[in-house]
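Everything on this sheet refers to the single structure shown next.
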Amino acid sequence: MSDSRLPASFMTPGTSSFADFLGVEAPDLLPSRRAVPAGNAADLAPHGTTIVAATFDDGVVMAGDRRATMGNIIAQRDIQKVFPADEYSVVGIAGTAGLAVEMVRLFQTELEHYEKIEGSTLSMDGKANRLAALIRANLGMAMQGLAVVPLFAGYDLAADQGRIFSYDVTGGRYEETAFHSVGSGSLFARGSLKKLYRDDFDAEEAVTAVIQALYDAADDDSATGGPDITRRIFPVVHVITPDGGRRMPDDEVSVIADRILASRMQRPDGPAAALT
Amino acid sequence: MSMPFYVSPEQMMKDRADFARKGIARGRSVVALQYADGVLFVSENPSQALHKVSEIYDRIAFAAVGRYNEFENLRIAGVRLADMRGYAYDRRDVTGRGLANAYAQTLGTIFSSGGEKPYEVEIFVAEIGDTAADDQLYRLTYDGQVADEHGFAVMGGAADVVADHLEEHYSAGASLDDAIRVAVAALGHSESDDRVIPTGDLEVAVLDRTRTQPRKFLRLRETRLVEVLGRRGVEEPDAAAPEDALAGSGPRHSGHDDPADPTDQVSGATPPLEDPVTGEPPVAPPVAPPGVPPDGPGTPPSTGTPPTGPGQV
């Protein structure tokens, strides 16, 4: 670290926000402060695609596929797009992969920083609003094709339920009920979840539903990757309950994915919903 | 013109050190203790809001004694430094040694600069490694000196009495429960007798390498402490320490004028500049305009004494 006295700005009481502190102390570290030359930069970097989240009886699950694309090229097969934000929340990001990962790191640090300085965690709405502020700061780059669109979910200990928030590129924050999806395959995933979702799911049923939805997204969207059975690459799944969040281990996800694949062998379009 | 007195540098440093030491000794002690799975911090701190032990980063913790506002500033600076470094580089690149160095430079510069009051604080920075042998415990004093501590360390209050007790009873590689019991007994020990500190007054936190989360810092709640400490006899809160009265003491109705207390309501022989209730200035006898007889119109009847003209006493 620095080999002389801590700068006065470090010792000044005031903001509990890491992003605000960084904006004063080292603005070049903020993803939103970078000058991007005019023009469309959308084709320069890989894009992450579909994220799905659903609430269940005792929490919320979020899952993301593993594909990143650059135009018609598959840039990466095993990218991770769903990250824990803190102990009780998780954030999944669709859009420009490099910026998205950087923004997640900033958001994680932001939540942890607040917790350490203030000695208490932010409320669920407070976390959702901080994420909105970070996305809003990125609007200039979004207009040049480097958009980042997150999906935020977590267990609200005060309200005693799982909650899901979606965003637009201008930082608009919208609370969703039951389930939601973002990214290029989100239309198909949402349509799938509409038919599959029940409000009495337990954790495993909710995980099955979101993996089914990702399968349907991968079925119709070229930018979304399905379960890769030859390389054993499966979606990243996070489950959050009142006891905290955890990433579901790959061997547990693979069991559920294998079951879904077996049933799709019989009926490729997935389970049939009742007509009335 | 007044001549400044000559003060030798030795004398000046000694005065500043005495000043800082006095401030630190006024508070209660904090104990840091290495046990099998990490580092334990115990302090007697009746306040639930003002922590003496806090988390800095994944494997780094901070404990301090002395003036709260000063060590709180240092703590926040440490959190900012660690988070910024972890964000710019990687979480593994945040080290306790680096943080201890930054603190040492800061405290040392403030101590030796003539313009600032030295900080009345003493600090522990602890970092745990993968094994007990890799654990680090640094002690930083008000003048910026860094010492590497092994086993246990005590600062603040009657540190030497507590340290002597620990010297006798500490054993390396103890379990967490044993370590807590030893530390709490040491804090309750004084030259005259042993006291049972109420569990509600204890602030206990650990850096525990067996935690599965990357953040290894954990505060132990009162229920857990009651479990560990069991029945120890009659609890006896500490007498009010000077540090308890540092903040929030309201105006005292002493009934007499204390020139040292700016909040007292009594002014002694000096009349107040204005009425403390209405804010009105006191009624002064008017100055008689020249040529008007002293008993002319305009003399307020309330004064009762004949008005005095200029020059009269």
Side-chain angles (χ1 to χ4, degrees), chain A residues 1-34 83-89 101-121 134 240 243-247 249, chain B residues 47-51 53-58 60-62 69-91 93-113 116 119 125 144 205 211-215 217 219:
Chain A
M1 298 193 188
S2 75
D3 36 22
S4 68
R5 179 177 176 170
L6 286 161
S9 55
F10 280 67
M11 310 273 283
T12 317
T15 180
S16 310
S17 160
F18 181 68
D20 291 357
F21 175 69
L22 218 51
V24 174
E25 194 56 32
D28 51 316
L29 286 178
L30 282 178
S32 54
R33 295 290 181 92
R34 250 155 253 155
F83 302 88
D86 66 359
E87 209 175 328
Y88 292 100
S89 62
V101 170
E102 198 174 353
M103 204 165 283
V104 167
R105 261 160 50 76
L106 182 61
F107 184 53
Q108 286 168 330
T109 313
E110 176 88 12
L111 298 186
E112 185 188 323
H113 190 78
Y114 181 93
E115 190 184 328
K116 287 191 289 200
I117 296 234
E118 296 290 323
S120 60
T121 50
L134 299 183
I240 301 158
D243 302 327
R246 66 176 189 120
R247 178 174 171 182
Chain B
S47 166
Q48 298 292 313
L50 310 179
H51 292 304
V53 185
S54 327
E55 174 185 16
I56 295 281
Y57 211 64
D58 289 355
I60 304 172
F62 171 96
N69 63 327
E70 291 175 352
F71 69 68
E72 176 69 2
N73 272 353
L74 288 170
R75 181 186 75 87
I76 289 177
V79 170
R80 286 174 174 165
L81 188 72
D83 277 346
M84 194 160 130
R85 191 168 178 96
Y87 178 70
Y89 299 93
D90 188 78
R91 295 193 81 91
D93 297 315
V94 181
T95 61
R97 194 173 51 81
L99 187 71
N101 272 334
Y103 280 149
Q105 295 290 348
T106 306
L107 288 170
T109 313
I110 292 171
F111 181 76
S112 49
S113 86
E116 279 173 278
Y119 271 26
V125 172
R211 267 170 74 82
T212 48
Q213 293 93 332
R215 290 165 69 183
F217 183 85
R219 285 185 197 286

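Everything numeric here is computed off the predicted structure, so don't read it as measured data. Numbers restart at 1 for each chain; the letters A, B, ... are given by sequence-line order, proteins then strands.
- Scored by the side chain to side chain donor-acceptor pair (under 3.5 Å) test, Q48(B) finds no partners at all (sequence neighbours excluded).
- Using a 4.0 Å cut-off between charged nitrogen and carboxylate oxygen, E112(A) and R91(B) count as a salt-bridge pair.
- Chain B is approached within less than 4.5 Å, heavy atom to heavy atom, by R105(A), L106(A), T109(A) from residues 103-110 of chain A, ordered by number.
- Taking a cutoff of 4.0 Å between a charged side-chain nitrogen and a carboxylate oxygen, R85(B) and D90(B) do not qualify as a salt bridge.
- Residues meeting the ring pair (Phe, Tyr, Trp, His ring centres under 6.0 Å) test with F62(B), sequence neighbours left out: Y103(B).
- Heavy-atom distances place both the backbone and the side chain of Y57(B) under 4.5 Å from chain A.
- For a residue to count as touching a neighbouring chain, one of its non-hydrogen atoms must lie under 4.5 Å from one of that chain's; by this rule R97(B) does not touch chain A.
- Within the 4.5 angstrom heavy-atom criterion, no atom of S16(A) approaches chain B.
- Salt bridge annotation for R5(A)-E116(B): present, with a cationic side-chain nitrogen under 4.0 angstrom from a carboxylate oxygen.
- For L22(A), the part sitting under 4.5 Å from any heavy atom of chain B is the side chain, from C-beta outward, and nothing else.
- With a threshold of 4.5 angstrom between heavy atoms, I56(B) approaches chain A through N, CA, C or O but not through any side-chain atom.
- Annotation: cation-pi pair R80(B)/F10(A) absent, no NZ/CZ under 6.0 Å from the ring centroid and within 45° of its normal.
- Residues E72(B) and L50(B) form no side-chain contact, since every pair of their non-hydrogen atoms from C-beta on lies 4.5 Å or further apart.
- For Y114(A), there are no ring pair (Phe, Tyr, Trp, His ring centres under 6.0 Å) partners at least two apart in sequence or on another chain.
- Side chains of L111(A) and S89(A) form a contact here, defined as non-hydrogen atoms less than 4.5 Å apart.
- Looking at R219(B), there are no atoms closer than 4.5 Å to chain A (heavy atoms on both sides), in backbone or side chain.
- Residue contact with chain B, scored on non-hydrogen atoms closer than 4.5 Å, is absent for S120(A).
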